[in-house]
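Chain A is the first sequence line, chain B the second, and so forth, proteins listed ahead of strands; every chain is numbered from 1. In what follows, every heavy atom counts, from backbone to side chain, and hydrogens, waters and symmetry copies are set aside.
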Amino acid sequence: MKSSSDDVLHEMTETLESLAKKGVSRRDFMKFCTGMAALLALPASFIPKIAEAVTGGKKPILVWLEYQDCAGDTEALLRVTKPTVGQLILDILSVDYHETIMAPSGFQAEKSLRDVVENHKGNYLVVVEGSIPMKDDGVYCCIGGRSAVDLAREVCGNALATIAVGTCATYGGIPAASPNPTGAVGVKEAVPNATVINLPGCPANAENISATIVHYLTFGKLPSTDKLGRPYFAYGKRIHDNCERRGHFDAGQFARQWGDEGHRQGWCLYEMGCKGPETFHNCPTIKYNEGTSWPVQAGHGCIGCSEPSFWDTMSPFYKRLPKVPGFGVESTADKVGAGLAAATAAGILAHGIGRAIKPRKEEGGE
Amino acid sequence: MEEQRTRKYVWEFPVRLTHWINALSILALSFTGLYIGMPFIHATSPDQYIMGWMRLVHFIAAYTFMMSIIIRSYWSLMGNRYASFKIFFPFSIRKLGDMLEELKFYLLISRKPPSITGHTALGGLTMLIVWVIFIFEIISGFALYSVTHSGAVWTILGGWLVGIMYLPTIRLYHHLLMYVILAFTLVHIYIVWYSTSSEKNGLMASILSGYKFVTGKEQDI
């Protein structure tokens with residue numbers, strides 16, 4: 001018992017020393033652990049447990065796969081300005097394969113992926129970024145001569161768990177937008193038997209990626225999820241309900257045009273088509289780039305990027321309601337409604353006139 | 001010339017009550033719903049609570065409307081023959097024939113007014129369609145409401161729809177069908193006025209008193 005706690009202490013000291021060489025102080029590290037506890041809605045008593053888990057001997061192997069994507073999630077994770085969140089996690093994990101940042105290429109690169117799958121079967125984590133095309137046997141995305149769906153079935157199917165990051169990997173995202181020429185789907189749909197947790201968003205928030213991994217390291221399992229496979233700690237609350245501009249919504253203060261008085265005053269962007277009322281994400285509380293800002297704070301409405309089929313169902317992004325199907329591109333619900341009202345009034349008027357004319361005719365005839 | 005008409009009790013109290021609760025709640029729901037969809041009144045100071053009040057009124061009116069629909073649906077099982085659910089399913093051969101005649105009358109082709117005490121076949125069918133729209137409005141409304149109100153009650157009342165349709169799509173149809181209901185309201189009032197003035201049956205006032213003036217030759221269905 002004593003020796004094992006000594007081991008933990010030793011490992012912890014070692015990790016902290018190696019972090020200190022990279023400019024992460026002990027204080028920074030504890031801030032990170034505290035932040036993670038807060039993000040996962042854990043009490044303060046869990047902070048030491050997180051510190052222990054993160055610096056402990058377990059060094060889970062992680063492979064990062066990219067399919068139909070823009071590498072935006074990789075960018076979001078790598079471009080964090082301070083080496084606290086993303087990089088810390090990447091240091092703690094053993095990242096054996098990452099198409100964008102790995103040193104080897106060609107056969108050597110594919111070999112390292114194959115080695116992970118063969119040697120650590122059922123014991124490694126996979127992060128998937130980008131959607132998987134299913135149409136025409138998945139020929140629209142191939143890596144090393146194998147289709148994305150074929151690779152995903154093997155790599156994700158044999159993994160301990162798969163973390164799908166970004167809206168493309170979770171629900172198909174922009175590649176899956178109508179007419180979806182490549183038949184793009186998310187990981188869970190392409191590999192139904194894999195254990196998948198979804199972290200949608202465009203990009204997925206690096207803090208949420210870290211927190212999911214920290215949760216796994218601390219508790220040995222993935223956080224609980226909703227029906228769409230998203231962890232409750234990050235996607236359990238609606239943007240609209242935690243929005244800093246919510247007070248302006250309830251009061252009735254709205255920006256009505258970009259750059260108008262209301263917009264400059266930071267009023268609610270509801271009339272400008274903000275999709276906060278339809279979107280579940282922790283953007284208002286966690287924000288992006290280490291809590292610097294998020295779309296609504298920057299004066300732009302939410303476009304609902306972390307919801308399934310957001311490109312088709314949330315657009316037009318600057319209108320409250322979607323287009324009316326079957327009508328022209330510019331048709332809005334209110335134009336159709338006004339047309340319906342006018343048609344009704346015209347119908348009634350025509351009927352009234354018809355009735356006024358007809359008896360007179362018959363009287364003349366009699 | 002004028003046929004002798006007698007006073008006949010047609011619309012029972014629950015029918016008249018739910019009619020007016022529906023009318024008032026539809027007005028309140030449409031006004032506040034239009035505001036929620038496109039806020040046309042703007043606050044001048046942050047201590048106002050316009051959207052807050054609009055939403056509160058919308059939700060209270062929604063519950064009232066739902067209760068009214070429940071009462072009226074119950075009364076279609078318990079009430080008299082003019083309130084019965086049977087008149088809302090005019091699909092017998094005879095009633096379909098009646099419907100054609102009525103359509104001719106309303107399109108000014110024929111001059112023979114439908115001679116029926118309660119709802120005409122066409123009126124019954126219209127009410128069935130309107131009832132279905134009402135039910136969709138209630139379900140879609142509670143689907144949108146369930147987004148912030150977790151609990152079995154709201155899941156049963158409409159939350160299940162969120163698993164089938166996307167939220168913006170639900171919002172769109174919830175909004176569009178309001179216009180259909182408003183268009184129906186205009187046609188409804190006009191037809192009642194037209195029937196009242198062309199048949200001298202006191203239909204307009206009957207929704208207050210319950211009594212219509214009938215000749216006795218009407219089909220009593």
Q297(A) atom CD, neighbour heavy-atom count above 12 within 6.0 Å: yes

Quick one: what part of D334(A) sits under 4.5 Å from any heavy atom of chain B, side chain, backbone, both or neither? both

Between N198(A) (side chain only) and L228(A) (backbone N and O only), is there a donor and an acceptor less than 3.5 Å apart? yes

Check whether H248(A) gets within reach of chain B through its side chain, its backbone, both or neither, counting any heavy atom under 4.5 Å. neither

Highest number of heavy-atom pairs under 4.5 Å with chain B among A251(A), A345(A), G252(A) belongs to A251(A)

Examine whether an atom of H42(B) lies under 4.5 Å from a heavy atom of chain A, and if so say whether it belongs to the side chain, the backbone or both; otherwise answer neither. both

Please classify the contact between Y35(B) and chain A as side chain, backbone, both or neither, with a heavy-atom cut-off of under 4.5 Å. side chain

Pick one of side chain, backbone, both or neither for S150(B), based on which atoms fall under 4.5 Å of a heavy atom in chain A. neither

Under 4.5 Å from any heavy atom of chain A - which part of L144(B): neither

Shorter than 4.5 Å, heavy atoms on both sides: which option in L34(B), T148(B), V187(B), T44(B) has the most such pairs with chain A? T148(B)

Can the ring centres of Y63(B) and F142(B) be said to be less than 6.0 Å apart? yes

Would a line drawn from the ring center of F134(B) to the ring center of F65(B) be shorter than 6.0 Å? yes

Are H351(A) and Y194(B) an aromatic pair, judged by ring center distance below 6.0 Å? yes

Under 4.5 Å from a heavy atom of chain A, the part of S197(B) involved: both

Tell me whether the centres of the aromatic rings in F280(A) and Y232(A) are closer together than 6.0 Å. no

Which atoms of E271(A) are under 4.5 Å from chain B, going by heavy atoms: the side chain, the backbone, both sets, or neither? side chain

Test the R5(B)-F213(B) pair against the cation-pi criterion, namely NZ or CZ under 6.0 angstrom from the six-membered ring centroid and within 45° of the ring axis. no

Which bit of L56(B) comes within less than 4.5 Å of chain A, counting heavy atoms only: side chain, backbone, both or neither? neither

